[in-house]
Amino acid sequence: MSSQDARVIGRGTWLDRVASELLEREKTLGRSTSLLRVESGLGASGIPHIGSVGDAIRSYGVKLALETLGYRSELIAYSDDLDGLRKVPSGFPASLKEYIAHPVTRIPDPFGCHKSYGDHMGSLLREALDDLDIPYTFKSGAEVYKSGLLNPQIKKILDNAELVGRMIKEITGQEKYQTVLPYTPICQNCGRLYTTVVSSYDPVAQTVHYKCESAEVGHGIVVGCGHEGDRKVTEGEGKLIWKSEFAARWAALDIRFEAYGKDIAESVKINDWISENVLGHPPPFHVRYEMFQDKGGRKVSKSVGNVITIRDWLTYASPESVRLLMFKRIVGARNISVDDVPVYMDEFDELEDHYFSKRKDANAMKEARLRGLYEYTMLLHVPAQPSFHAPYRLLAELSAAAPEDGLEDYVVKRLTTYGMLKGAPTPELLTRIRWTSACARREGAKVLQVETPELTEKQARAVLEFASAIRGAKDADGVQGAAFEAIRANGIQPGEFFPAVYGLLLGAERGPRLGPYVMDVGQDAVATKLEKLASSAGRHN
């Protein structure tokens, strides 16, 4: 199938499906499609991590898909930096405890480099998106409230507070807002949010009456200061609760798409209702995604301290690998750690090789999906030719063995010896060598460990015979000869044998010429590894 045919079928990714369904909905609603805004909201109480920033990456993918269909789109990266600090994130100064329930933009930056704690966290969000080459329009929640952008929505929600409270109970089961208004001002005396309980709203003066009482915030009780007073809702000195705030900003910013994690599903449901029925703005088209987990099955969380930041990942890998991680699929929970870097780096290489090869999948829809996934991962900026590729674990293995003062020369010479590299190394290859070296040398690194692939009985037998034969090989040609003898003796194809060997050694389908590689690493070392792994490999007929 030609690339032209693939484009006729469509790119076939979940991004394209979402864009198409969103457009159908907009046409049904009869709204203008001159600008389709997508949004990503991010809490500013802790360091943005790969899971939270993933929300923005996915939304940007939907933006790209809309643009491929000929529509103008914009990503709004919204930082919830008027929220109060609920708990001190792992690794942060304990002194922050005194600021629990204070708006994060009114807390001093503990690192001393920004105007406030919230500004510091917002800058990390922007840096993460910049590092991934993702354009966006940044919105600070504190600035949005101060500018008055949400004032019309705040007034409508407070005018309908009784109805909103009733629906919050009906949808979420929470009874609190049948007697308390869905707005929390900043206490004029102690400067806290969440401790202020609003009992009434004056629509003429546009003020709320509140009392600062004790409240559960995070995992503890914050004692209120007891102050009682009035606060104007149009001055940016307070905010809507989450169960109504999303709706306000969707309406004010005319948001047409926002993904969300299943942990806030109830909040999204009530906000959808408020947006539609109180504010008169059809809520955005949604996609729900599962949360990233660590290898122990715990949700990746800044408060738990098991986060992987975008900067962490990019110390060892390319921006393309992060974008592939997000664009590949949206459903299903995924365990993630830095140890997964080789998987996504090699998967991207395979995707790029397929894109530029003459091989096409017989399934036209799958072919379109593979091509589309590559194009979106490249942010639609497809190069004229692919980069040089070598299995990540091979580079890590070579990097780990290289002298620190001759890292790049050592690895380049080995790749040349193995018949993989022809000519001078590219800057991209040298960068990749530095990534793999950093990954291999980090504390507790597992980059050289591979998941044992599933082998057929014939594959396993051929690998074991090959392993036994190479112990006595005299040179590289002898190793190559042993490989083809094992292939012939077991009645399998080279395309079955070599991927099995590379999978066991490097966790990849392809690799260096076996002869030079085995002689370089050591026959006994390679044979022992193959025998151990092939013996334990899952078998199938």
Side-chain angles (χ1 to χ4, degrees), residues 41-46 78-89 92 94-108 110 116-118 121-122 140-146 150 153-154 157-158 161 164-165 168-169 172-201 207-249 263-264 266-267 270-271 274 301-303:
L42 186 70
S45 60
Y78 192 102
S79 176
D80 289 303
D81 57 15
L82 194 60
D83 283 1
L85 183 67
R86 293 183 177 274
K87 61 185 79 170
V88 179
F92 279 63
S95 59
L96 284 173
K97 285 184 179 178
E98 67 179 284
Y99 293 105
I100 295 293
H102 286 253
V104 293
T105 44
R106 312 226 176 152
I107 299 172
S116 70
Y117 177 100
M121 297 307 161
S140 156
E143 292 175 4
V144 164
Y145 273 99
K146 203 69 177 175
L150 301 184
Q153 288 74 33
I154 294 171
I157 289 169
L158 291 178
V164 168
I168 288 176
K169 179 181 183 297
T172 73
Q174 189 177 19
E175 298 181 354
K176 175 180 178 180
Y177 294 101
Q178 291 192 293
T179 55
V180 173
L181 274 64
Y183 182 89
T184 177
I186 298 168
C187 179
Q188 291 157 300
N189 183 56
C190 69
R192 294 189 182 96
L193 282 166
Y194 309 140
T195 55
T196 51
V197 178
V198 175
S199 56
S200 63
Y201 168 60
T207 58
V208 290
H209 185 77
Y210 72 92
K211 186 174 182 180
C212 187
E213 303 176 348
S214 296
E216 185 176 349
V217 181
H219 297 305
I221 300 296
V222 174
V223 179
C225 69
H227 177 77
E228 188 170 356
D230 298 307
R231 194 119 228 205
K232 206 167 182 66
V233 300
T234 56
E235 294 178 341
E237 292 297 317
K239 67 189 294 295
L240 293 163
I241 64 167
W242 263 28
K243 288 182 173 66
S244 61
E245 184 181 53
F246 297 168
R249 72 188 197 213
D263 59 331
I264 61 167
E266 275 196 346
S267 290
I270 182 60
N271 273 283
I274 293 171
S301 165
K302 42 190 173 272
S303 61

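If you check the side chains of Thr105 and Asp81, you find no donor sitting under 3.5 Å from an acceptor. Side-chain contact, Tyr183 with Glu245: no donor N or O sits under 3.5 Å from an acceptor N or O. With no hydrogens or angles considered, a side-chain donor-acceptor pair links Thr184 and Thr196 at under 3.5 Å.
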Exercise for review: Kindly determine whether Ile107 and Ser116 satisfy side chain to side chain contact (heavy atoms under 4.5 Å, CB included), including the steps that lead there.
Suggested key: CA-CA 5 Å; Ile107 299 172; Ser116 70; 5.9 Å; no

Point to revise | Residues Lys97, Lys87; criterion side chain to side chain contact (heavy atoms under 4.5 Å, CB included); working and verdict | key: CA-CA 7 Å; Lys97 285 184 179 178; Lys87 61 185 79 170; over 6 Å; no

Practice item. Please step through side chain to side chain contact (heavy atoms under 4.5 Å, CB included) for the pair Asp83 and Lys239, ending with a clear verdict. Key: CA-CA 8 Å; Asp83 283 1; Lys239 67 189 294 295; 2.9 Å; yes

Exercise for review: Report the C-alpha separation of Arg192 and Glu213 in whole Å, then their side-chain angles, then the decisive distance to 0.1 Å, and conclude whether the salt bridge (Lys or Arg N to Asp or Glu O under 4.0 Å) test is met.
Suggested key: CA-CA 10 Å; Arg192 294 189 182 96; Glu213 303 176 348; over 6 Å; no

**Study point:** Pair Glu266-Lys243, salt bridge (Lys or Arg N to Asp or Glu O under 4.0 Å): steps then yes or no
**Key:** CA-CA 8 Å; Glu266 275 196 346; Lys243 288 182 173 66; 5.8 Å; no

Point to revise | side chain to side chain contact (heavy atoms under 4.5 Å, CB included) evaluation trace for Glu235 with Tyr145 | key: CA-CA 7 Å; Glu235 294 178 341; Tyr145 273 99; over 6 Å; no

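Considering every non-hydrogen atom in both Leu150 and Ala248, the closest pair reads CD2-O, 3.8 Å. The nearest pair of heavy atoms linking Leu193 to Pro185 is CD2-O, 3.7 Å. Looking at every heavy atom in both residues, Ser95 comes nearest to Glu98 through O-CG, 3.2 Å.
Screening Ile157, Val198, Leu158, Thr207 against Val233 for a side-chain contact (heavy atoms from CB on, under 4.5 Å) leaves a single residue, Leu158.
Looking at Ile241 and Tyr177, their side chains come closer than 4.5 Å, going by heavy atoms from C-beta outward. Contact of the Leu240 side chain with the Phe246 side chain is not registered, since no non-hydrogen atoms from C-beta on lie closer than 4.5 Å. With contacts defined as side-chain heavy-atom distances shorter than 4.5 Å, the pair Leu96/Leu85 qualifies. A 4.5 Å side-chain heavy-atom check between Ile186 and Pro103 finds at least one atom pair inside the cut-off. In this structure the side chain of Pro108 never reaches within 4.5 angstrom of the side chain of Tyr117, judged on heavy atoms. Side-chain atoms of Cys212 and Cys190, non-hydrogen and from C-beta on, do get closer than 4.5 Å to each other. Residues Arg249 and Asp80 are in side-chain contact: their nearest non-hydrogen atoms beyond the backbone lie under 4.5 Å apart. Side-chain atoms of Tyr210 and Gln188, non-hydrogen and from C-beta on, do get closer than 4.5 Å to each other.
Taking CG of Leu181 as the start and NE2 of His209 as the end, the distance is 12.0 Å to the nearest 0.5 Å. Rounding to the nearest 0.5 Å gives a distance of 11.5 Å between SG of Cys187 and NZ of Lys211.
Judged by distance alone, with hydrogens and angles left aside, the side-chain atoms of Asn271 form a donor-acceptor pair with the main-chain N or O of Trp242 at under 3.5 Å. For the pair Lys169 (side chain) and Gln178 (backbone), a donor-acceptor distance under 3.5 Å is absent. For Thr172 (side chain) and Ile168 (main-chain N/O), a donor-acceptor pair under 3.5 Å exists by modelled atom type.
For Ser79, there are no side chain to side chain donor-acceptor pair (under 3.5 Å) partners two or more places apart in sequence or in a different chain.
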